[in-house]
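Every chain is numbered from 1, with letters handed out A, B, ... down the list of sequences. When reading the values below, keep in mind they use all heavy atoms of this one structure, side chains included, and skip hydrogens, waters and symmetry mates.
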Protein chains: 2
Amino acid sequence: MPTHRPARIGFLLSQLGAHASRRFDERVAEVGLTAQQAGVLRILGRQPGVSQRDLADRLGLVQSRMVALIDGLEHAGLVARTRSEADRRSYELTLTHAGGAKLRELRGIAEVHEAELAGSLATPQRDELFVLLSDLATSLGVDAEVHEGYRAAQGGETSGR
Amino acid sequence: MPTHRPARIGFLLSQLGAHASRRFDERVAEVGLTAQQAGVLRILGRQPGVSQRDLADRLGLVQSRMVALIDGLEHAGLVARTRSEADRRSYELTLTHAGGAKLRELRGIAEVHEAELAGSLATPQRDELFVLLSDLATSLGVDAEVHEGYRAAQGGETSGR
DNA sequence: CGCAATGATTACATCACAGAATCATTCTGT
DNA sequence: ACAGAATGATTCTGTGATGTAATCATTGCG
């Protein structure tokens, strides 16, 4: 056995990723949103006017799922559907005024979330960790923009957990 | 805004954790298991004779879920149920011979998995990352043993993705 | 001895999600 | 300009994962 150190990094990433996701879910739930909805608001904040199709691709889910997702945001008054004049099959989705306010609120949440997660590390370590994780994401092709599903990962990892 | 660097570490952890979990799922699926089942085998390998109740607590799921989980492993001939003599309500779960073999197979998978994930980092960086993640896990109370669910985290994180 | 607590099990409800079919609209080739 | 393919949104339906409550046998405590 050449590399006999157990497979810990994969295990830790799974654990910490699950933890980070769960905590984030809880925080956004406190302002009445799901993480998916938060993702929609984020994208619309940076790129108003995208279609449901675009959104679905970006967030890594199917079109049909997007319908109910946008329905919820529309009923909550955070997102507006406008028929595109260029292509009347599609909508141009935009944030309402309330949607913009909610997005700013979410950014505050993200900062608190970050502080909770990385707050125990001293600044140099935090920077170092950021660099290492970024490198990893790049070499693994984990794109910040295109999201690739995210299913359960119960009990796994074999050599840890 | 004091810390104006966007909340990237939480985001990266979620992304990379999802990626790691998904890839691990795929790999264990190739040997006919789910990640949950792999988790059961791992624990039984280190601690034979535990009950379904113990297992459920350790893996962070409910008792009722454990029934079908063990059923599958039992039918596959990897795990054996034996009535406990001390407490005849519960079972003592153990790995069969085939279960032990499967566990060794899983350990090989975990090594390949680790190599895929962390392989792009040079050894010193990999060690550094391991230390940082371990510190994080410790200070966040993310225990390697007690697993805390793991639900979807679609589209979230607000300031990235 | 009798009642509360506990392990395993079953039955039931719910929820997220994917996939197929549908409808309106747009695009493409000729 | 027109017929057929492609595309965006929507609806419907099936499936799988999971939690909760009820049930049964057994144990432990007073």
Side-chain angles (χ1 to χ4, degrees), chain A residues 18 21-22 25-26 28-29 33-40 43-44 49-75 79-94 147-156, chain B residues 18 21-22 25-26 28-29 33-40 43-44 49-75 79-94 147-156:
Chain A
S21 297
R22 193 177 53 79
D25 286 355
E26 289 170 4
V28 299
L33 294 178
T34 66
Q36 286 186 336
Q37 291 177 317
V40 170
I43 293 183
L44 290 185
V50 300
S51 68
Q52 294 185 188
R53 186 54 164 130
D54 287 346
L55 230 34
D57 287 346
R58 296 265 210 108
L59 294 173
L61 35 91
V62 292
Q63 291 172 282
S64 59
R65 181 82 195 92
M66 192 57 61
V67 177
L69 197 52
I70 302 297
D71 280 352
L73 290 168
E74 192 179 33
H75 292 146
V79 165
R81 281 177 163 119
T82 317
R83 279 285 169 197
S84 165
E85 297 184 7
D87 183 344
R88 297 215 318 277
R89 288 172 301 184
S90 66
Y91 290 121
E92 288 174 359
L93 302 171
T94 51
H147 185 62
E148 41 155 310
Y150 199 148
R151 206 85 33 235
Q154 295 276 11
Chain B
S21 296
R22 193 177 53 79
D25 287 355
E26 289 171 4
V28 298
L33 294 178
T34 66
Q36 286 187 336
Q37 291 177 318
V40 169
I43 293 182
L44 290 185
V50 299
S51 68
Q52 295 185 186
R53 185 56 164 126
D54 287 345
L55 229 33
D57 287 345
R58 295 265 211 108
L59 294 174
L61 35 91
V62 293
Q63 292 172 281
S64 60
R65 180 84 194 89
M66 192 57 61
V67 178
L69 197 51
I70 302 297
D71 279 352
L73 290 168
E74 191 179 33
H75 292 147
V79 164
R81 281 177 163 118
T82 317
R83 280 285 170 197
S84 166
E85 297 184 7
D87 183 345
R88 297 216 316 277
R89 288 172 301 184
S90 66
Y91 290 122
E92 289 173 0
L93 302 171
T94 51
H147 185 61
E148 39 155 311
Y150 199 148
R151 203 90 29 240
Q154 294 278 10

Original post:
Rounded to whole angstrom units, what separation is found between the CG atom of A/Asp25 and the P atom of C/dC15?
Top reply: 16 Å
**OP:** Report the distance from atom CG of B/Asp57 to atom P of D/dG19, rounded to the nearest whole Å.
**Re:** 12 Å
Would you list the atom pairs, donor with acceptor, under 3.5 Å between side chains in residues 60-74 of chain B and any protein atom, with sequence neighbours excluded?
residue: B/Arg65; atom: NH2; partner: B/Gln36; partner atom: OE1; Å: 3.4
residue: B/Asp71; atom: OD1; partner: B/Arg81; partner atom: NH1; Å: 2.8
residue: B/Asp71; atom: OD1; partner: B/Arg81; partner atom: NH2; Å: 3.2
residue: B/Glu74; atom: OE1; partner: B/Arg81; partner atom: NH1; Å: 2.7

Subject >> Contacts of B/Asp87 that satisfy salt bridge (Lys or Arg N to Asp or Glu O under 4.0 Å) - sequence neighbours left out >> reply: B/Arg89
Original post:
Mind checking whether B/Leu44 and B/Val50 have side chains closer than 4.5 Å, heavy atoms only?
Top reply: yes
Original post:
Can you name the side chain to side chain contact (heavy atoms under 4.5 Å, CB included) partners of B/Thr82, sequence neighbours left out?
Top reply: none
Original post:
Rounded to the nearest 0.5 Å, how far apart are OH of A/Tyr91 and CD of A/Gln52?
Top reply: 7.0 Å
**OP:** Could you check which nucleotide pairs with C/dG29 in any of the strands shown, counting Watson-Crick or G-U wobble with both distances under 3.5 Å?
**Re:** D/dC2
**OP:** Mark up nucleotides 4-14 of chain D, 5' to 3', with B wherever a protein heavy atom is under 4.0 angstrom from a base atom, S wherever such an atom reaches only the sugar-phosphate, and - elsewhere.
**Re:** --BBBBBB---
Original post:
Quick one: salt bridge (Lys or Arg N to Asp or Glu O under 4.0 Å) partners of B/Arg53, sequence neighbours excluded?
Top reply: B/Asp57
Subject >> Nucleotide C/dA8, atom P - distance to CG of B/Leu61 in whole Å >> reply: 13 Å
**OP:** Report the distance from atom CD of A/Gln36 to atom P of C/dC15, rounded to the nearest whole Å.
**Re:** 15 Å
